[in-house]
Amino acid sequence: MPNSVQLNPTYPVITKSDELYARATGLIPAYTQTLAKGPGQYIRGVAPKYLQRGKGSHVWDVDGNEFVDFNMAIGPLSLGYAYPAVDNAIRAQLEEGITFSMMHPLEVEVAELIREVVPNAEMVRYSKTGCDATSAAVRLARAYTGRSKVLCCGYHGWHDWYVAVTDRNRGIPQAVQDLSFTFNYNDIQSVVDSVDDDVACVILEPMVFEEPKDNFLQRLRDVCTRHGIVLIFDEMWTGFRLALGGAQQHFGVNADLMCYSNAVANGMPISILAGRREIMQLCEKEIFFFTTFGGEALSLAATKATILELREKRVPDALARQGRKLKDGYKDIARQLAMTYTSCGGMDCRTIVTFDASAGNPLEMKSLVQQEMIRRGVLWGGYHNMSYSHTDEDIIHTLTAYREVLPILKRAVEDKNILSYLRGEPVEPVFRRSGKRAG
Ligand SMILES: Cc1ncc(COP(=O)(O)O)c(C=O)c1O
């Protein structure tokens with residue numbers, strides 16, 4: 001019998017996952033197409049590796065084990081797996097065609113809808129991936145300002161201009177590396193210190209897990225305006241989730257260009273670049289940003305259906321409401337157990353569980369919690385990426401599991417031997433920014 005969403009007596013059987021993994025060995029380098037979905041992010045020997053299907057907030061792996069999923073495809077499933085309103089729109093479009101020889105009416109309809117719900121979206125373009133949109137934004141900023149340097153602060157995709165600031169920068173020409181620099185979130189001085197007359201843009205996620213402090217976003221806006229720098233909000237996580245109009249609406253600060261992808265099409269591959277007309281219109285003749293599948297109609301149909309559903313059901317409010325129950329619930333349990341070294345923070349719609357290095361190796365602590373949550377039917381990556389399909393029952397089950405699991409972590413920490421509690425290799429760190437400063 002496969003495990004299900006309950007306090008299972010055993011760890012799940014993962015034979016078929018391991019068989020697939022063995023077939024991929026030596027065939028698919030790094031195994032995964034998305035780092036955060038890869039085997040390095042899960043405790044080996046315990047966690048499944050391949051998922052077969054999903055419905056609502058639940059998934060089934062290839063061995064038939066069922067889990068509540070709090071990763072939600074690493075963000076895209078704002079509504080949930082196999083969500084009828086979106087899937088029906090995709091099916092209806094499929095009857096008519098996927099990709100066409102000319103433009104499709106949905107390109108216009110969806111752009112009008114985005115202009116309606118996103119502040120400051122005077123012009124709109126589509127592409128397929130998040131880094132398509134961020135890279136086009138950077139190119140636009142360079143074209144608009146006639147400058148070269150980029151200041152960034154989070155993760156923005158795999159392209160040269162961004163990966164230049166990480167520790168995986170092999171294969172990127174030095175000339176490109178020399179143009180990208182980092183600053184610290186909530187540290188306006190680190191931006192100011194990096195500004196010179198060759199800075200084309202500042203790109204950042206308006207919020208990741210830390211709230212903006214001391215009016216940081218507005219001050220950043222002011223610095224950019226003062227120096228003629230293009231401000232780009234990478235709204236992959238905040239867009240259509242923190243509010244329908246994203247971080248611009250939520251924090252009341254406008255960027256010049258905004259990039260969206262994650263939550264806007266409930267899992268279909270689309271990204272959106274939007275922003276001020278004066279800059280966006282350089283896409284007409286000056287810069288080149290075109291791709292074969294940019295106007296692919298299934299994703300546009302999914303986008304339209306998703307945005308309408310997000311708006312009608314006030315989904316951003318619902319995500320925050322359900323997410324807050326988990327965040328507060330987790331913190332309460334940790335407090336009752338006097339576990340000061342673990343907490344839960346972030347936007348209510350997307351929270352992260354943190355472990356303080358003062359108590360032990362955070363990756364080992366994360367691995368132990370993951371191992372025990374997986375046994376209890378929760379596919380747990382350290383985050384609560386909320387979807388509209390997460391029910392009260394899911395939340396109650398998850399908090400019940402935490403109530404069993406956190407005492408195990410506490411015991412392991414007190415024994416000062418977390419590794420001995422692990423049934424497999426711990427999770428690996430994700431790759432890092434190198435902290436390359438200008439000046
Ligand atoms: C904030 C942010 N920007 C950009 C990207 C890149 O998007 P994609 O992986 O679709 O290219 C991601 C993906 O994780 C992201 O989280």
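Ligands are counted one by one from 1 in listed order, and the atoms in each one are counted from 1 as well.
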Can you name the atoms of ligand 1, numbered from 1 with element, that are less than 4.0 Å from a heavy atom of C131? 6 (C), 7 (O), 8 (P), 11 (O)
Per-atom contacts, ligand 1 versus E205 - under 4.0 Å to a heavy atom: 1 (C)
Taking the side chain as C-beta and beyond, is there a heavy-atom pair between V124 and E112 under 4.5 Å? no
Counting C-beta onward and ignoring hydrogens, is there a side-chain heavy-atom pair between T129 and P269 closer than 4.5 Å? no
A student comparing T238, V208, D234 should find that the heavy atom closest to atom 4 (C) of ligand 1 comes from D234
Do the ring centers of Y21 and Y50 come within less than 6.0 Å of each other? no
Can you find a protein heavy atom under 4.0 Å from atom 9 (O) of ligand 1? no
Nearest neighbour in protein (non-hydrogen) for atom 16 (O) of ligand 1: W237 NE1, 3.2 Å
Can you tell me which residue and heavy atom of the protein come closest to atom 14 (O) of ligand 1, and the distance to 0.1 Å? Y155 CE2, 3.6 Å
Using a 3.5 Å distance criterion without hydrogens, assess whether the side chain of R125 forms a donor-acceptor pair with backbone atoms of A133. no
Does any N or O of ligand 1 fall below 3.5 Å from an N or O anywhere on W158, backbone included? no
Is it the case that ligand 1 has an N or O less than 3.5 angstrom from some N or O of G130? yes
Between L300 and Y126, is the side-chain contact (heavy atoms from CB on, under 4.5 Å) condition met? List the steps. CA-CA 9 Å; L300 286 164; Y126 313 106; 3.8 Å; yes
How does T129 reach ligand 1, by side chain, by backbone, by both or by neither, if only non-hydrogen atoms under 4.0 Å count? both
Identify whether the distance between the nearest side-chain nitrogen and carboxylate oxygen of E372 and R376 falls below 4.0 Å. yes
With a 4.0 Å cut-off on N to O distance, would you call K16 and D63 a salt bridge? no
